[in-house]
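Everything below concerns the one structure shown next.
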Amino acid sequence: MSGDVERSADDPVKILIVEDDAIIAMDMEQVLNGKGYKVVGRVDRGEKALDAVEEKKPDIVLMDINIKVSLNGIDVAKMLLNDIHIKVIYVTAYSDVNMKEKAFETEPVGYLIKHVRETELIDMIRQATGGDS
C-alpha cells in the first residue's frame with residue numbers, strides 16, 4: 001500500500017486534530033483515516049486539546065494556532081512541549097513572521113499553511129513519525 005502508514009494496522013499512528021473550523025477538521029480526519037492513520041479526536045478549543053491529549057495519548061497533534069477561547073494553539077503547544085513532549089504540527093492560516101517566531105519557540109515538527117495539500121500533510125506526518133518521505 002504505497003503512501004500509507006508504515007506502522008501496522010494493529011499499531012497505527014494516532015493523531016489528534018485541534019481545529020475550530022469543523023469542515024477543515026472533518027476533511028483532515030477523512031484524509032488521515034483513509035491513509036491508515038487513526039484520528040483519536042477532533043477538538044475546537046485549547047482546553048479541550050489538553051484534556052484530549054491526556055485521555056487519548058496521540059503520537060502527533062495537528063494544531064491550528066488561532067483557536068477559540070482563552071488558550072491559542074501556541075499556548076497549548078508550549079504546555080504539551082513542557083509537560084508531555086508530544087509532537088506538534090501547526091496547520092494554520094497565519095504565516096506572518098511574528099506568529100511563526102512564536103510558534104517555532106514551541107519546537108514543532110512542522111508548520112503548514114492552510115489550505116494544505118494532502119501530500120504535504122502526509123509527508124509532514126511521515127517525517128514526524130520517522131516514516132519514509
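- We find the CE-CD1 distance between Met63 and Ile74 to be 10.0 Å, quoted to the nearest 0.5 Å.
- The distance from atom CZ of Arg126 to atom OG1 of Thr129, rounded to the nearest 0.5 Å, is 8.0 Å.
- For Asp51, there are no side chain to side chain contact (heavy atoms under 4.5 Å, CB included) partners, not counting sequence neighbours.
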Throw together a table of side-chain donor-acceptor distances under 3.5 angstrom for residues 97-106, partners on residues two or more places apart or in other chains.
| residue | atom | partner | partner atom | Å |
| --- | --- | --- | --- | --- |
| Thr106 | OG1 | Tyr90 | OH | 2.7 |
| Thr106 | OG1 | Ala103 | O | 2.5 |

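- Taking the side chain to side chain contact (heavy atoms under 4.5 Å, CB included) definition, one finds that Lys56 meets it with Val40, Pro58, sequence neighbours left out.
- Closest heavy-atom contact between Ile89 and Ala128: CD1-CB, 4.3 Å.
- With sequence neighbours excluded, no residue forms a side chain to side chain donor-acceptor pair (under 3.5 Å) with Arg45.
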Just distance, no hydrogens or angles: give the donor-acceptor pairs under 3.5 Å from side chains in residues 112-119, sequence neighbours left out.
| residue | atom | partner | partner atom | Å |
| --- | --- | --- | --- | --- |
| Lys114 | NZ | Glu19 | OE1 | 2.8 |
| Lys114 | NZ | Glu19 | OE2 | 3.1 |
| Lys114 | NZ | Asp64 | OD2 | 3.2 |

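- We find the CG-CE distance between Asn33 and Met26 to be 13.0 Å, quoted to the nearest 0.5 Å.
- Contact annotation: the side chain of Ile17 approaches that of Val39 to within less than 4.5 Å [non-hydrogen atoms, C-beta and beyond].
- Between atom CD1 of residue Ile24 and atom CG of residue Leu62 there is a gap of 12.0 Å, rounded to the nearest 0.5 Å.
- Contact check for Val91 versus Ile65: no side-chain heavy atoms found under the 4.5 Å cut-off.
- For Glu107, the side chain to side chain contact (heavy atoms under 4.5 Å, CB included) partners are Leu81, not counting sequence neighbours.
- Looking at residues two or more places apart in sequence or on another chain, you find a side chain to side chain donor-acceptor pair (under 3.5 Å) between Asn66 and Tyr94.
- Atom CG of residue Leu16 and atom CG of residue Leu80 lie 9.0 Å apart, to the nearest 0.5 angstrom.
- Between Ile125 and Tyr37 there is a side-chain heavy-atom pair separated by less than 4.5 Å.
- Counting only heavy atoms from C-beta outward, the side chains of Leu71 and Glu47 approach each other to under 4.5 Å.
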Inset, instruction - Go through the steps for Val109 and Gln127 under the test side chain to side chain contact (heavy atoms under 4.5 Å, CB included), then give the verdict. - result: CA-CA 8 Å; Val109 294; Gln127 289 173 13; over 6 Å; no
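- Counting all heavy atoms, side chain and backbone alike, Val18 lies closest to Ala49 at CG2-CB, 3.6 Å.
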Inset, instruction - Could you walk me through whether Leu32 and Ile122 pass side chain to side chain contact (heavy atoms under 4.5 Å, CB included), step by step? - result: CA-CA 8 Å; Leu32 295 170; Ile122 299 304; 3.8 Å; yes
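- Put simply, the side chain of Val88 does not reach to within 4.5 Å of the side chain of Ile60, judged on heavy atoms.
- Few gaps surround CD on Glu120; more than 12 heavy atoms of other groups in view lie less than 6.0 Å from it.
- Between Asp75 atom CG and Met79 atom CE the span is 6.0 Å, to the nearest 0.5 Å.
- Remark: Asp44 pairs with Lys48 by the side chain to side chain donor-acceptor pair (under 3.5 Å) rule, at least two apart or across chains.
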